[in-house]
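Everything below concerns the one structure shown next.
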Amino acid sequence: MENENQKKIELAVTHILEAIGENPEREGLKNTPKRVAKMYAEVFSSLEGPEFDDYALFDSKNDNDMVLVKDIQFYSMCEHHLLPFFGKAHVAYVPEGNKVLGLSKLPRLVEFCAKRPNVQEDLTIMIAEELIKHVPVKGVAVSIEAEHMCMTMRGVKTPHSSTKSFHYTGVFKEDREWKNDFLKAID
């Protein structure tokens, strides 16, 4: 994040602290605006890059079997309240053309998509769309299960509730067997 943008965030955080009745100059808060600016640079880091480009395709004998990476931990920020939501993503695809993606690339893709203001439903779709853009696939299935701090610490206040979202393309959308195999595998 550019230095100018960090300064804007620091100033905004200072104003927020003043608006809630705090003294931004008191000992415990003196460096809070800088810390928040630094944190925002990290948690929104994918806004700086135009798109995910960390793909590595490999030749494989697999041209018709599901590849699944499940329980991918992620953290994102709710675009409505700028509070975190976090949980696990499960990403599956059926390769086409005997090409498979390096396994570490799926967690990196999830992280890239999560490092921006999001709503969970859109994040689920974004992961699938990014994968389809760069990897030859017959279909993609993505499921996310997350806890939203905007529901647990404010508003309805339902700690430990989780939200599940799903997105299917290709064979996972067209063929109930593929979808059921995915759902059984992530259960």
Side-chain angles (χ1 to χ4, degrees), residues 1-2 5 38-150 162-175 178-187:
M1 186 177 288
E2 295 175 21
N5 287 336
K38 185 177 178 184
M39 178 205 52
Y40 276 5
E42 181 181 340
V43 299
F44 298 129
S45 63
S46 67
L47 292 172
E48 303 236 335
E51 67 178 56
F52 185 73
D53 60 3
D54 191 6
Y55 290 94
L57 294 176
F58 299 98
D59 292 330
S60 173
K61 293 179 183 177
N62 185 352
D63 192 38
N64 205 37
D65 293 308
M66 178 173 36
V67 176
L68 166 65
V69 177
K70 65 182 219 171
D71 297 330
I72 302 168
Q73 298 288 318
F74 77 91
Y75 302 87
S76 193
M77 294 288 267
C78 166
E79 67 183 39
H80 298 148
H81 300 99
L82 290 182
L83 286 171
F85 67 97
F86 54 93
K88 294 186 257 185
H90 314 290
V91 183
Y93 69 97
V94 177
E96 185 166 47
N98 297 105
K99 296 286 186 188
V100 294
L101 182 65
L103 291 177
S104 70
K105 304 310 180 189
L106 286 173
R108 288 181 182 166
L109 172 63
V110 169
E111 180 181 24
F112 173 82
C113 292
K115 289 197 172 221
R116 64 184 65 230
N118 273 304
V119 294
Q120 180 175 331
E121 299 85 349
D122 292 348
L123 175 59
T124 308
I125 294 167
M126 184 188 315
I127 292 165
E129 288 176 343
E130 282 294 319
L131 183 58
I132 290 167
K133 262 195 239 179
H134 302 283
V135 180
V137 296
K138 293 178 181 173
V140 173
V142 178
S143 173
I144 293 178
E145 183 173 352
E147 183 174 340
H148 294 253
M149 296 308 292
C150 57
S162 66
T163 301
K164 290 185 179 184
S165 55
F166 303 86
H167 185 68
Y168 306 102
T169 72
V171 295
F172 292 101
K173 188 172 188 159
E174 299 158 4
D175 186 330
W178 279 106
K179 185 184 289 186
N180 287 339
D181 286 348
F182 171 72
L183 292 170
K184 285 179 199 166
I186 66 172
D187 192 20

Item checked: Polar side chain donor-acceptor pair, N98 to S60, under 3.5 angstrom ->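 No pair is found: no donor N or O on one side chain lies under 3.5 Å from an acceptor on the other.
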Margin query: With no hydrogens and no angle check, just 3.5 Å: does a side-chain donor-acceptor pair link S165 and E121?
Written below: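 Note: S165 and E121 side chains miss the donor-acceptor criterion.
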Next item on the list: Scan for side chain to side chain donor-acceptor pair (under 3.5 Å) pairs involving residues 178-187, sequence neighbours excluded, and state none if there are none.
Entry: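 Every pair satisfying side chain to side chain donor-acceptor pair (under 3.5 Å) with a residue in residues 178-187: there are none.
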Check: With the threshold set at 4.0 Å, does a side-chain nitrogen-carboxylate oxygen contact exist between K115 and E111?
Finding: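 Salt bridge flag = yes for E111 with K115.
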Next item on the list: Apply the test side-chain hydrogen bond (donor to acceptor under 3.5 Å, both in side chains) to residues T163 and Q120: give CA-CA distance (whole Å), side-chain angles for both, the deciding distance (0.1 Å), then the verdict.
Entry: CA-CA 8 Å; T163 301; Q120 180 175 331; 4.6 Å; no
Mind listing the closest non-hydrogen atom pair of [X] and [Y] along with its distance?
X	Y	answer
I125	H167	CG1-ND1, 3.5 Å
G97	D63	N-OD1, 2.8 Å
P107	I72	CA-CG2, 3.7 Å

Check: Just how far is it from atom CD1 of I144 to atom CZ of F85, taken to the nearest 0.5 Å?
Finding: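 Answer rounded to 0.5 Å: 7.0 Å.
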Note to self: Classify the ring geometry of F52 against Y55: parallel below 30°, tilted from 30° to 60°, perpendicular beyond 60°.
What the structure shows: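 The rings of F52 and Y55 stand perpendicular, inter-plane angle above 60°.
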Checklist line | Steps toward side-chain hydrogen bond (donor to acceptor under 3.5 Å, both in side chains) verdict (H134, E51) | finding: CA-CA 11 Å; H134 302 283; E51 67 178 56; 3.3 Å; yes
Checklist line | Sequence neighbours excluded - salt bridge (Lys or Arg N to Asp or Glu O under 4.0 Å) pairs with any residue from residues 68-85 | finding: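 Checked against salt bridge (Lys or Arg N to Asp or Glu O under 4.0 Å) - neighbours excluded - the pairs reaching residues 68-85 are D71-K88.
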